[in-house]
Q: 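Attaching a single structure in C-alpha cells format; questions to follow.
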Amino acid sequence: MCVGPRIRQYIESCGITQVHISVRTGIPLSKLQSSLNGQRHMSFEEYELVCGVLGVGMDKFIVPRKPKGMRSVNETAEGQTSVETEENK
C-alpha cells in the first residue's frame, strides 16, 4: 500500500513533523521517512498506528482501484446493483 506520499503531504499541511509521528507510533524515523517518500511500502500495522496518531480514519489516504475494464457499480431504481463495464455500456 503506497499511501506514504499522501500522508507526508497531509502532515506537512498540518505542521506535524515526521519526528513527532515516529515518536508517537514507535516506528523508527528512517523507516517512516522511507515510507513517506514512497521508497518503502508501509505495513498495515504501521498505517493503523499513523492514522491513530493523526486522529483520522483509515480510509483517509486510501484511493480505491477499479479492476481493468470496470467503470462503475450503479444501483438501479429497484435497489439492485449492476456493474457497468466497457463491454456492456
Q: Just so I know, are the side chains of H20 and I11 near enough to count as touching, which here means a heavy-atom distance under 4.5 Å?
A: no
Q: Mind checking whether V23 and L36 sit in one hydrophobic cluster, side chains of I, L, V, M, F, W, Y counted as touching below 4.5 Å?
A: no
Q: Does the pair V50 and F61 meet the rule for a side-chain contact (heavy atoms from CB on, under 4.5 Å), with working shown?
A: CA-CA 11 Å; V50 170; F61 307 105; 5.6 Å; no
Q: Between L29 and Y47, is there a shared hydrophobic cluster once you connect ILVMFWY residues whose side-chain heavy atoms come closer than 4.5 Å?
A: no
Q: Looking at CD of Q9 and SG of C14, how far apart are the two atoms once the value is rounded to the nearest 0.5 Å?
A: 10.5 Å
Q: For atom CD of E12, decide whether the heavy atoms of other residues, nucleotides or ligands shown that lie under 6.0 angstrom number more than 12.
A: yes
Q: Rounded to the nearest 0.5 Å, what separates atom SG in C51 from atom CD1 in I62?
A: 7.5 Å
Q: Looking at S22 and Q18, would you say the former's side chain and the latter's main chain have a donor-acceptor pair under 3.5 Å?
A: no
Q: With the 4.5 Å side-chain cut-off for hydrophobic clustering, are V56 and F44 part of the same group?
A: yes
Q: So E46 and L32, side-chain contact (heavy atoms from CB on, under 4.5 Å) or not? Walk me through it.
A: CA-CA 9 Å; E46 292 168 340; L32 181 65; over 6 Å; no
Q: Quick check: closest heavy atoms across S35 and R40, and the distance to 0.1 Å?
A: OG-NH1, 2.7 Å
Q: Test of understanding: clusters of I, L, V, M, F, W, Y form through side-chain heavy atoms closer than 4.5 Å, transitively. Do V53 and I16 belong to the same one?
A: yes
Q: Is there side-chain contact between M42 and I27, with heavy atoms separated by less than 4.5 Å?
A: no
Q: Return the CD to SG distance between Q39 and C2, rounded to the nearest 0.5 Å.
A: 10.0 Å
Q: Could you walk me through whether I7 and L54 satisfy the side-chain contact (heavy atoms from CB on, under 4.5 Å) test, starting with their C-alpha distance in whole Å, then the side-chain angles of each, then the deciding distance to 0.1 Å, before giving a yes or no?
A: CA-CA 10 Å; I7 296 171; L54 294 175; 4.3 Å; yes
